[in-house]
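Everything below concerns the one structure shown next.
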Amino acid sequence: MVAIAATSASRLNSFNRIAPMSQVRVRFAPSPTGFFHIGSARTALFNWLYARHTGGAFVLRIEDTDTERNTPEALQALLDGMRWLGLDWDEGPEVGGDYGPYFQSERQAIYEEYLAKLTAAGRTYEKDGAVYFKLIGERYTEFDKYKNAELEKVRTEPVVVEDAIRGRVERAVEQDFVIRRSNGDFGFHFVNVVDDICMAITHVIRGEDHLSNTARHVELYRAFGVTPPVFAHIPLILKSDGKGKMSKRESGALIEEYVSRHFLAQAVRNYLCLLGWNPKDDSEVMPIAEIIERFDFPGINKDGARFDEQKLAHINTEYLRALPIETFTHLAAPVLVSAGLIDESTDEDYLQSVLALCQPKARDLASMPELVATFFSDTVEVDAAARERVYKKGDPAARLGELLPALEALDDWSEAGLEATFGQVAETNGQKPTAYFPITRLAVSGQGGGVPLFGLLAVLGKEKVLSRAKAHGA
RNA sequence: GUCCCCAUCGUCUAGUCAGGUCUAGGACACUGGAUUUUCAUUCCAGCGACCGGGGUUCGAAUCCCCGUGGGGACGCCA
């Protein structure tokens, strides 16, 4: 067990170096309900990062005791989400391991055994058909306002936890609690502690909502005569506006949303890393290897972080633009196919040159169809607002008229050739080259914005450009 | 209501442990400008915070106390 010192100063020193012989074992223990919540994903991520940082083991344990809600589909959704984020586990479903089974539903015999230990030690009693864990201390009754009832309470020694993130936390457990329900199911606190003991978990990294439960868990560890693991309670993800933590209903709360909106997994993962952790300098967009290298408890914050979809979108954009063009094409093509813009017959070189032109302007994959539509359409739909803006100034029709003959005569249909031609036409007519830009763009694409003009014309090709330009206003 | 945790720009955060180099740095967003008045790119600039009050100190964003605010827990849920 790694010794924890009380002050944050020593946190810096003791956690950066883990003795090689004491292998770190962390776990993510979700209950598969069919959705992969972003808060759960980040808890999984932090555990994974810590395991990879220390060279330890990342265990995936499925808390599937609730047979009503836990279906095979729900499990699959969870595993898919984990894999999408690139969070591979060393032990757990589909990979096995030496500390199985990794499904709580298959661990009943173990729980029976551990319950027997507590009972033998005189630390349990039955009430209303349920088994309670018995605390040690003076008993008294008190009226509880919140529950509006007379309760039996126990004066216990406060439990002191040296949390790896929050430092010293002290809390007393004042009521016995259920460890086995009257229907025979074991309770969360009990199975959680038993499993962590059996799986030799060294560090419990989980959400701050469990901080208050920790005293209960430590009481159980003590009753079993086992030294508790290191606890590290990470801050919660709060909703972007309003009060409280992110709930399932919040926009952006589920990993599935990002998959279906074509976000890049690496970008989502990078953003999640930054939500509650930082590398102590100005680095933000970093390869995962660097994050693993730098990730540790001292870099984790204590207060809850509001989820900011705009920042996520920005990081996603940065990743998108940094992609090699082949990868970008590989990712964008399916999106364009579903939008009905391209199919198997689409010329690959043409697609490649379109995407190469668009990548530096792309915001995200989901909006790619909008950006490239004009390259794959036979007709030009003129945007009314753009048209109004273009025609508000000067005499666009005249400019287009001046430009057309020159374009028709142009043999070198490249960006450079086009630029030269625009320059000549402008000079001849005593205009600035930019006087020709908006009307050309509008005539050819129907839009007021988009990719750079010369690139648009060059990639689209002479034939299409001329026919569209002639058709405009005709 | 009780207990626990937390508190720097609108948001994510650096700085807090070892008080002075902080007229508080970066990023997102926003606003303005530049890139031959094309453009969903790029660049530059601006805006913008130490929750309040006491205390300790020559000196406090940083240490202490009290308020206030925010979050969490208080299930025979996990």
Side-chain angles (χ1 to χ4, degrees), chain A residues 7-12 29-31 33 63 65-66 69 104 127-132 142-148 163 165-167 169-175 177-185 187-189 191-192 207-216 233 235-236 238 240-241 243-245 271 274-285 298 301-315 317 321 358-364 367 370-371 390 393 419 422-423 426 432-442 447-456:
Chain A
T7 66
S8 51
S10 53
R11 275 168 57 195
L12 274 164
S31 178
T33 56
E63 309 216 332
T65 49
D66 188 342
R69 288 192 300 169
Q104 283 188 340
K127 196 174 105 185
D128 304 327
V131 180
Y132 281 74
E142 188 179 75
F143 184 78
D144 187 300
K145 270 190 172 175
Y146 175 75
K147 289 178 188 163
N148 197 29
D163 191 279
I165 293 164
R166 329 192 80 82
V169 178
E170 191 175 320
R171 190 170 196 252
V173 187
E174 50 179 20
Q175 282 183 78
F177 54 93
V178 171
I179 53 177
R180 183 174 213 172
R181 300 201 281 276
S182 51
N183 68 2
D185 289 349
F188 161 74
H189 301 301
V191 296
N192 207 259
E208 194 195 340
D209 47 344
H210 285 298
L211 188 57
S212 318
N213 291 329
T214 305
R216 260 192 281 264
H233 287 93
L236 266 20
L238 276 21
S240 36
D241 45 35
K243 290 187 162 200
K245 57 176 174 176
Y271 174 70
L274 262 18
L275 212 50
W277 172 83
N278 78 83
K280 302 292 177 193
D281 61 17
D282 297 337
S283 314
E284 290 195 325
V285 175
N301 289 96
K302 292 180 185 169
D303 52 330
R306 277 182 197 277
F307 179 76
D308 184 354
E309 198 170 324
Q310 282 183 310
K311 183 124 186 180
L312 202 202
H314 173 259
I315 289 175
T317 303
R321 298 206 177 127
C358 294
Q359 188 183 12
K361 297 276 182 177
R363 261 196 302 256
D364 48 49
S367 66
E370 197 190 331
L371 188 59
V390 170
K393 262 192 302 192
E419 189 172 354
F422 271 71
K432 286 183 176 180
T434 49
Y436 297 85
F437 290 179
I439 183 58
T440 310
R441 177 188 295 282
L442 185 75
Q447 299 294 309
V451 299
L453 183 62
F454 295 134
L456 169 73

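Every chain is numbered from 1, with letters handed out A, B, ... down the list of sequences.
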Hey, does the side-chain of A/Ser182 have a donor or acceptor N/O within less than 3.5 Å of a partner on the base of B/C76?
yes
Would one find a side-chain N or O of [X] under 4.0 angstrom from OP1 or OP2 of [N]?
| X | N | answer |
| --- | --- | --- |
| A/Lys280 | B/G15 | yes |
| A/Ser31 | B/A78 | no |
| A/Arg321 | B/U42 | yes |
| A/Lys243 | B/G70 | yes |

Determine if A/Tyr146 stacks with B/C74; use a centre-to-centre distance below 5.5 Å and an interplanar angle below 30° as the criteria.
yes
Quick one: [X] [atom1] to [N] [atom2], roughly how many Å, whole number?
| X | N | atom1 | atom2 | result |
| --- | --- | --- | --- | --- |
| A/Asp303 | B/U11 | CG | C1' | 12 Å |
| A/Lys302 | B/G15 | NZ | P | 12 Å |
| A/Asp209 | B/C6 | CG | P | 16 Å |
| A/Arg363 | B/C28 | CZ | P | 16 Å |

Can you check the distance between [N] and [M], where both ends of the measurement are the [atom1] atom (answer in whole Å)?
| N | M | atom1 | result |
| --- | --- | --- | --- |
| B/A14 | B/C22 | C1' | 11 Å |
| B/C64 | B/C28 | P | 34 Å |
| B/C9 | B/G15 | P | 16 Å |

Taking for each residue the nucleotide of RNA chain B bearing the nearest heavy atom, is the 5' side occupied by A/Gly448 or by A/Arg181?
A/Gly448
Pick the nucleotide of RNA chain B nearest each of A/Pro360 and A/Ser212; which residue has the one closer to the 5' end?
A/Pro360
Between B/A29, B/C5, B/C74, which nucleotide gets closest to the side-chain atoms of A/Arg166?
B/C5
What is the base-pairing partner of [N], counting Watson-Crick and G-U wobble geometry with both distances under 3.5 Å?
| N | answer |
| --- | --- |
| B/C3 | B/G72 |
| B/C43 | B/G33 |
| B/C28 | B/G10 |

Mind checking side chain to side chain donor-acceptor pair (under 3.5 Å) for A/Ser367 and listing every partner two or more places apart, or none if nothing turns up?
A/Asp364
Check: A/Asn213 main-chain N/O paired with A/Arg171 side-chain donor or acceptor under 3.5 Å:
no
